[in-house]
Asks: 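Questions regarding the structure given below will be posed in turn.
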Amino acid sequence: MRNRIGLLLGCAGLAAAAGCGSMTQETPTLAEKNLLLEKEVVSLRAELAARQENSVELAELFDLYFQHGSLSPILARRYLKTIRLPENPTPAEITEYLSRIYSLRRSNTDEEFIALTTSKIAEVGKANADKLIPYLNFTPFCRALVNLCGTESKELLRQALLQNRDSELTRAYTRLLTPEDADNVIAMLPENSGLLSAVKQLNLEKRAVPVMRKILRESSGNINYEREWLQMIADNSTPEENNALYESLWRRTVQQGMRNNRWQIAERGVRLAARGFQPAFTYLAENHRNLERNDTVRQLQEISNCGDQDFNLWYNANKDKIYFNAETMTWDVRP
């Protein structure tokens, strides 16, 4: 292909040179031949570009394939364009089409690639939306399902959430909820902490809080939306119930964190300290250097009324007089 283009360009050049030797020697026939040659070059270049869209030379493949251990988004996008859904596809063809797209799930998470993949998946249409459920651990499938689902697809979204706790699926499901869905929301809460907004929307706090306490006490580590969960529990519990929960969480966290990841102590400790739990605040203030988190002091400073002072100096100078001010939700020094 490249040799043909080069030959044609050479011919075009000779034709032009012959025509330029003398203005009186130029003939319409020669000009027409030159124009035809140039048009064929343009056509061949377009053909070459089209072929390159579907193929990659070996050197280019090695240059593009590995970027930080994953498929290059450039190559992934080019390959994705070769995956086409047939007209009037059979169920087997739809499954094969989705499976081929799913095979790219380990590719680079470039946003343009994700958007293109989502668009390709949505081509199966709303009638085939249920066929996306087996592939929901690949983000574009979740996005495509949300795009395909309408107001009558609440049950399909619920089934999808049983397979994947994706935040976009959760928001889409929550928008469709009615009071009749209360039992489903409470039942799904242990596996999907993001349903907190659904709890609020349906005014299920009183039913949800006992379930949430149990989940927190039994969890082996921190959970998503834990800060928001603690706030809802605190707003719907007595001080005694809250303190009992904090003591249970803190005891379990310290025991597990010392054996596993000490950063978990820092994460949950800051959350509990922000709610006025003294043992967590004291522990972090005195042990933050050993907790594998560089921002623990900054977080403690944010929930303490120490101003611009160095937190360590402020704490050591006032440790016997520090208390939690429930009105300002900060740790302060008694006068």
Side-chain angles (χ1 to χ4, degrees), residues 165 189-196 199-200 205 208-335:
R165 295 169 290 180
L189 193 57
E191 298 299 327
N192 190 337
S193 58
L195 284 169
L196 193 67
V199 170
K200 294 178 181 178
E205 289 87 348
V209 162
V211 176
M212 294 162 71
R213 280 202 207 97
K214 185 174 185 294
I215 294 169
L216 284 172
R217 284 196 172 105
E218 295 177 355
S219 65
S220 58
N222 300 328
I223 66 169
N224 293 331
Y225 303 100
E226 185 170 288
R227 191 184 304 276
E228 293 81 0
W229 275 41
L230 289 172
Q231 181 64 56
M232 179 176 286
I233 292 172
D235 291 342
N236 294 275
S237 306
T238 66
E240 292 75 20
E241 288 172 329
N242 286 329
N243 198 59
L245 174 64
Y246 302 159
E247 287 179 354
S248 173
L249 291 179
W250 185 239
R251 182 169 58 252
R252 187 181 180 90
T253 301
V254 171
Q255 289 172 350
Q256 292 181 341
M258 291 304 290
R259 294 197 306 268
N260 190 9
N261 294 316
R262 288 177 292 177
W263 62 266
Q264 290 184 351
I265 300 178
E267 281 201 349
R268 181 166 278 170
V270 168
R271 294 188 190 116
L272 296 179
R275 307 217 61 82
F277 187 61
Q278 179 86 45
F281 178 79
T282 301
Y283 185 95
L284 295 182
E286 297 182 355
N287 296 279
H288 61 81
R289 293 180 180 84
N290 303 319
L291 296 180
E292 302 173 356
R293 286 292 297 264
N294 297 328
D295 60 345
T296 302
V297 170
R298 177 188 59 78
Q299 292 176 313
L300 288 172
Q301 191 155 2
E302 289 175 354
I303 60 173
S304 302
N305 191 21
C306 60
D308 296 330
Q309 298 180 61
D310 178 273
F311 174 81
N312 293 312
L313 294 177
W314 175 83
Y315 175 78
N316 290 326
N318 300 287
K319 65 171 63 178
D320 295 332
K321 298 183 292 182
I322 293 176
Y323 77 106
F324 187 72
N325 186 331
E327 291 185 3
T328 62
M329 296 295 288
T330 58
W331 293 90
D332 210 336
V333 178
R334 296 187 187 279

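Computed from a predicted model, the values in this text were never measured in an experiment.
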Asks: Give a yes or no answer on whether the side chain of R334 reaches the backbone of D320 with a donor-acceptor pair at less than 3.5 Å.
Replies: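 Checked: no pair found.
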
Asks: Quick one: are T328 and N305 in side-chain contact, heavy atoms under 4.5 Å?
Replies: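 When only atoms from C-beta onward are counted, N305 and T328 do not touch, as no gap falls below 4.5 Å.
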
Asks: How long is the straight-line distance from OG1 of T253 back to OH of Y283, given to the nearest 0.5 Å?
Replies: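 Spacing of OH (Y283) from OG1 (T253) equals 11.0 Å.
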
Asks: Do L189 and W229 have side-chain heavy atoms sitting under 4.5 Å apart?
Replies: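 They are in contact (side-chain heavy atoms under 4.5 Å apart), so the answer is yes.
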
Asks: Within a strict 4.5 Å, meaning less than it, do heavy atoms of the M329 and I303 side chains meet?
Replies: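 No, every pair of side-chain atoms sits at 4.5 Å or beyond.
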
Asks: Supply the atom-to-atom distance I322 CD1 to W314 CH2, rounded to the nearest 0.5 angstrom.
Replies: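 Going from CD1 on I322 over to CH2 on W314, the span is 4.0 Å.
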
Asks: Using the salt bridge (charged side-chain N to carboxylate O under 4.0 Å, His left out) rule, take R251 and E247 through it: C-alpha gap first, then chi angles, then the decisive distance, then the call.
Replies: CA-CA 6 Å; R251 182 169 58 252; E247 287 179 354; 5.4 Å; no

Asks: Considering all heavy atoms of both residues, which atom of D310 and which atom of L313 are nearest to each other, and what is their separation?
Replies: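 Minimum heavy-atom contact is OD1-N, 3.0 Å.
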
Asks: For the atom pair CG (L230) and CG (L272), what is the distance rounded to the nearest 0.5 Å?
Replies: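 One gets 6.5 Å once the value is rounded to the nearest 0.5 Å.
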
Asks: Quick check: closest heavy atoms across A208 and V199, and the distance to 0.1 Å?
Replies: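 Minimum heavy-atom separation between A208 and V199: CB-CG1, 3.7 Å.
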
Asks: Is there a side-chain contact between V211 and P190, using heavy atoms and a 4.5 Å cut-off?
Replies: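 Counting from C-beta outward, V211 and P190 do come under 4.5 Å.
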
Asks: May I ask you to test the Q301-Q309 pair for a side-chain heavy-atom distance under 4.5 Å?
Replies: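 A side-chain contact is absent here, since even the closest heavy-atom pair is not under 4.5 Å.
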
Asks: Do Q278 and Y323 have side-chain atoms, one donor and one acceptor, less than 3.5 Å apart?
Replies: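 Per modelled atom types, Q278 and Y323 side chains form no pair under 3.5 Å.
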
Asks: Would the number of heavy atoms belonging to other residues, nucleotides or ligands and lying under 6.0 Å from CZ of R227 be above 12?
Replies: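 Check fails, neighbour count at 12 or below.
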
Asks: Considering all heavy atoms of both residues, which atom of L196 and which atom of E228 are nearest to each other, and what is their separation?
Replies: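 Result for this residue pair: CD2-CB, 3.3 Å.
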
Asks: Ignoring hydrogens, what is the shortest heavy-atom contact between F311 and C306? Give both atom names and the distance.
Replies: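 Shortest heavy-atom contact: CD1-SG, 4.4 Å.
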
Asks: If I take atom NZ from residue K321 and atom CG from residue D332, how far apart are they, to the nearest 0.5 angstrom?
Replies: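 So the gap between those two atoms works out to 11.0 Å.
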
Asks: Please report the interatomic distance CZ(R268) to CH2(W250), rounded to the nearest 0.5 Å.
Replies: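 These two atoms lie 10.0 Å from each other.
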
Asks: Between R213 and S248, is there a side-chain heavy-atom distance shorter than 4.5 Å?
Replies: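 No; the side chains remain at least 4.5 Å from each other.
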
Asks: Can you tell me if E191 has over 12 outside heavy atoms packed within less than 6.0 Å of its CD?
Replies: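 No, because the 6.0 Å sphere around CD of E191 holds 12 heavy atoms or fewer from other groups.
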
Asks: Return the CD to CG distance between E286 and N312, rounded to the nearest 0.5 Å.
Replies: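 Result: 10.5 Å between the selected atoms.
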
Asks: Hey, is E226 close enough to R271 for a salt bridge, meaning N to O under 4.0 Å?
Replies: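 Salt bridge between E226 and R271, a charged N being under 4.0 Å from a carboxylate O: yes.
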
Asks: Taking all atoms of both residues into account, what is the closest heavy-atom pair of S237 and V209, and its distance?
Replies: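 For S237 versus V209, the nearest heavy atoms are OG-CG1, 3.8 Å.
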
Asks: Give a yes or no on whether K214 atom NZ has more than 12 heavy-atom contacts from other residues, nucleotides or ligands under 6.0 Å away.
Replies: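 No.
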
Asks: Has the side chain of N236 got a donor or acceptor atom that lies under 3.5 Å from a matching backbone atom of M232?
Replies: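 Side chain of N236 to backbone of M232: a pair is present.
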
Asks: Look at the rings of F281 and W331 and say which category their plane angle falls in: under 30° parallel, 30 to 60° tilted, over 60° perpendicular.
Replies: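 Correct class here is parallel.
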
Asks: Might you point out which heavy atoms bring G269 and A280 nearest each other, and give the distance in Å?
Replies: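 Looks like O-CB, 3.6 Å.
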
